[in-house]
2 protein chains.
Amino acid sequence: MAFSYKDKKVIGIGIVSELTGLSERKIRYYEERKLIFPDRSKGGTRKYSFDDVERLVDIANKMEDGMQTFEIRREEMKKTDVRDKMLRGQLNAAFKIRK
Amino acid sequence: MAFSYKDKKVIGIGIVSELTGLSERKIRYYEERKLIFPDRSKGGTRKYSFDDVERLVDIANKMEDGMQTFEIRREEMKKTDVRDKMLRGQLNAAFKIRK
DNA sequence: CGTGTAAGGAATTCTGACACG
DNA sequence: CGTGTAAGGAATTCTGACACG
């Protein structure tokens with residue numbers, strides 16, 4: 001089952017602010033810097049998931065450690081990159097076996 | 001760990017309406033009939049949990065089956081009552097053992 | 001009883017900008 | 001660069017009531 005409440009984007013920015021302790025300004029800024037990607041309602045209000053909340057707490061910790069937004073983004077991209085490579089490796093392996 | 005995202009009251013009524021397919025009117029009415037108990041923000045807006053969303057879907061099904069709100073409430077209270085009795089039973093058992 | 005709706009107001013969120021640094 | 005804030009507007013939600021049945 002690939003379903004989880006953790007990635008359902010249903011939380012407004014006010015609640016996210018309460019949950020994370022971050023100002024709404026910061027939360028919107030981290031989105032501007034491509035660190036977080038909320039959904040939007042029809043009307044345009046941002047909706048976050050619990051995963052997003054966790055990620056924001058993580059971001060907040062890194063910011064406290066003096067890291068800059070672009071560094072955090074770079075780090076995130078590296079993770080995604082590694083995942084992609086592993087996935088590609090598995091696909092390649094599967095492909096070779098079937099040859 | 002007694003923590004779960006499922007019972008964090010963080011979802012606005014608009015999203016709950018989308019998630020359940022129920023009108024906001026119905027959702028507020030079921031609260032009036034004591035079937036559901038959202039939290040409130042400082043400003044007074046209702047906040048629901050994923051558990052509440054599941055419960056609402058359950059309520060919706062029973063309403064479709066022609067059940068009335070008071071019957072659904074009675075059924076819920078029975079469940080709570082059973083849980084209470086079991087808990088009390090265990091406590092009594094534990095108490096006797098220690099005597 | 002259960003639910004839709006129009007009404008008026010209040011709370012929430014949005015964007016773009018200025019400020020400081 | 002990262003974040004606070006005042007500004008004006010738009011989207012969201014609230015309550016109490018009338019309606020139908």
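Chain letters run A, B, ... following the sequence lines, proteins first, then strands; residues in each count from 1. Because only heavy atoms are used, hydrogens play no part in the values below, and waters and symmetry mates are left out as well, while side chains stay in.
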With respect to the side chain of A:Arg33, which nucleotide from C:dT15, D:dG2, D:dT15 is positioned closest?
->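 Between C:dT15, D:dG2, D:dT15, the one nearest the side chain of A:Arg33 would be D:dG2.
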Given side chains that start at C-beta, do those of [X] and [Y] come closer than 4.5 Å, heavy atoms only?
X       : Y       : result
B:Thr69 : B:Tyr29 : yes
B:Lys6  : B:Asp51 : yes
B:Arg55 : B:Leu35 : no
A:Phe37 : A:Tyr48 : no
B:Ser17 : B:Glu24 : yes
B:Glu76 : B:Lys34 : no

[X] has an atom [atom1]; how far is it from atom [atom2] of [N], in whole Å?
X       : N      : atom1 : atom2 : result
B:Asp39 : D:dT13 : CG    : C1'   : 16 Å
B:Lys47 : D:dT13 : NZ    : C1'   : 9 Å
B:Ile13 : C:dA10 : CD1   : C1'   : 16 Å
A:Lys9  : C:dT13 : NZ    : P     : 17 Å
A:Lys34 : D:dG2  : NZ    : P     : 15 Å
A:Glu31 : C:dT15 : CD    : C1'   : 12 Å
B:Arg28 : D:dT12 : CZ    : P     : 13 Å

Nearest nucleotide by nearest heavy atom, which residue falls closer to the 5' end of DNA chain C, B:Ser41 or B:Glu32?
-> B:Glu32
Residue whose nearest DNA chain C nucleotide is more 5′ - B:Tyr30 or A:Gly44 =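 Comparing both residues, the 5'-ward one is B:Tyr30.
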Near DNA chain D, under 4.0 Å by heavy atom, which residues of residues 18-27 of chain A?
->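 Contacting residues: A:Ser23, A:Arg25, A:Lys26.
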Those residues of residues 59-72 of chain A lying under 4.0 Å from DNA chain D by at least one heavy atom =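 Listed by number, they are A:Met63, A:Gln68, A:Thr69.
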C:dT15 phosphate, OP1 or OP2: any side-chain N/O from A:Arg46 under 4.0 angstrom?
-> yes
Quick one: is D:dG2 close enough that its OP1 or OP2 comes under 4.0 Å of any side-chain N or O from A:Tyr29?
->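 For D:dG2, OP1 or OP2 has a side-chain N or O of A:Tyr29 closer than 4.0 Å.
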Does B:Tyr5 have its ring centroid less than 6.0 Å away from the ring centroid of A:Tyr5?
-> no
Can you tell me which stems DNA chain C forms when a stem means 3 or more consecutive Watson-Crick or G-U pairs under 3.5 Å?
-> C:2-5 with D:17-20, C:17-20 with D:2-5
Could you give the distance from CG (B:Asn61) to CE (B:Met63), rounded to the nearest 0.5 Å?
-> 11.5 Å
What distance do B:Ile11 atom CD1 and B:Glu18 atom CD have between them, rounded to the nearest 0.5 Å?
-> 11.0 Å
Inspect the surroundings of NZ in A:Lys8 and state if more than 12 heavy atoms from other residues, nucleotides or ligands are less than 6.0 Å away.
->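 No, NZ of A:Lys8 has 12 or fewer neighbouring heavy atoms, counting only those of other groups under 6.0 Å.
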Salt bridge (Lys or Arg N to Asp or Glu O under 4.0 Å), paired with B:Glu31, selected from B:Lys26, B:Arg25, B:Arg40 | B:Arg40
Pair A:Lys62 + A:Glu75, salt bridge at N-O below 4.0 Å =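 Answer for the salt bridge query: yes.
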